[in-house]
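What follows is a short report on a single structure.
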Amino acid sequence: MADEVILLGFWASPFGMRPKVALAEKGVAYEYREENVRDKSPLLLNSNPIHKTIPVLIHKQKPICESLNIVEYIDEVWKGKSPLMPQAPYERARARFWADFIDKKVIEYGIGIWTNKGEAQEEAKNGFIECLKLLEEELGEKPYFGGDTFGFLDVAFIPLSCWFYTYETCGNFSIEKECRKLMGWVKRCMEKESVSMTLPDPHKAYEFLGTLKKWRGIE
Ligand code: GS8
């Protein structure tokens, strides 16, 4: 089918979950193909020759790469239902800024919590909590980052929450204690089918940590 939509992903990757949530919000039917990120398919390598990473969305045989870029594409192509990007240019720029902050800071600190021990782990944990507090401030009293409705920044951020349990267990801290309001937002998002059907069980993510560590050559 010329109009077909294929998503190449990997179940444990927050980047891979973003387009899944966006497509579910839009009610778009698609074929999901799980990649083995240690032995990538020729389709993935040909579709994303620059970075060779998932996710890749293939729409009408054309590949779109980079998770945030894919979410914006989905929002533009399937405009009618559940608009994700804010209407006002300033709000759009702001949402993109925070999504970029999540990729550059939050995810990196999160990884630092389970890849390090001792002082370096403590630093990653503190950095992570500091970032969450900044995001909590950005959320303010709104139900969602998108305002009254679930939007682009919610899609960008919520996948990470299935790794919170892993960060808390490895770093021995409680996100609920540090950022109560943010956890309220996580619970609100989890009430949406697009999110709850997409995110894996946090315990399953934690169990996968042993494999991830092996891949990175640690422990
Ligand atoms: C990051 C994608 C990424 O790291 C995006 O799409 O937003 N900036 C990109 N994908 C990982 C997922 S697994 O943790 C990946 O494909 N890794 C395989 C590899 O790096 O070889």
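The figures here come from the full heavy-atom set of this structure, side chains too, leaving out hydrogens, waters and symmetry mates. In each ligand, atom 1 is the first atom listed, and ligand 1 is the first ligand listed.
- If you look at ligand 1, the protein residues with a non-hydrogen atom under 4.0 Å away are Ser13, Phe15, Lys40, Thr53, Ile54, Pro55, Glu66, Ser67.
- Evaluation of the salt bridge (charged side-chain N to carboxylate O under 4.0 Å, His left out) test over residues 92-103, restricted to residues two or more places apart or in two chains, returns Arg18-Asp103, Glu72-Arg96, Arg94-Glu138, Asp100-Lys104.
- Surrounding NZ of Lys133 are more than 12 heavy atoms belonging to other residues, nucleotides or ligands, all under 6.0 Å away.
- Scored by the side chain to side chain donor-acceptor pair (under 3.5 Å) test, Ser47 finds no partners at all (sequence neighbours excluded).
- Both Val195 and Trp163 sit in one connected hydrophobic cluster of ILVMFWY residues. Membership requires side-chain heavy atoms under 4.5 Å apart, directly or through other members.
- Judged by a 6.0 Å distance limit and a 45° cone about the ring axis, Lys204 is positioned over the six-membered ring of Trp11.
- Listed by chain and number, the residues in a side chain to side chain donor-acceptor pair (under 3.5 Å) with Lys181 are Glu141 (sequence neighbours excluded).
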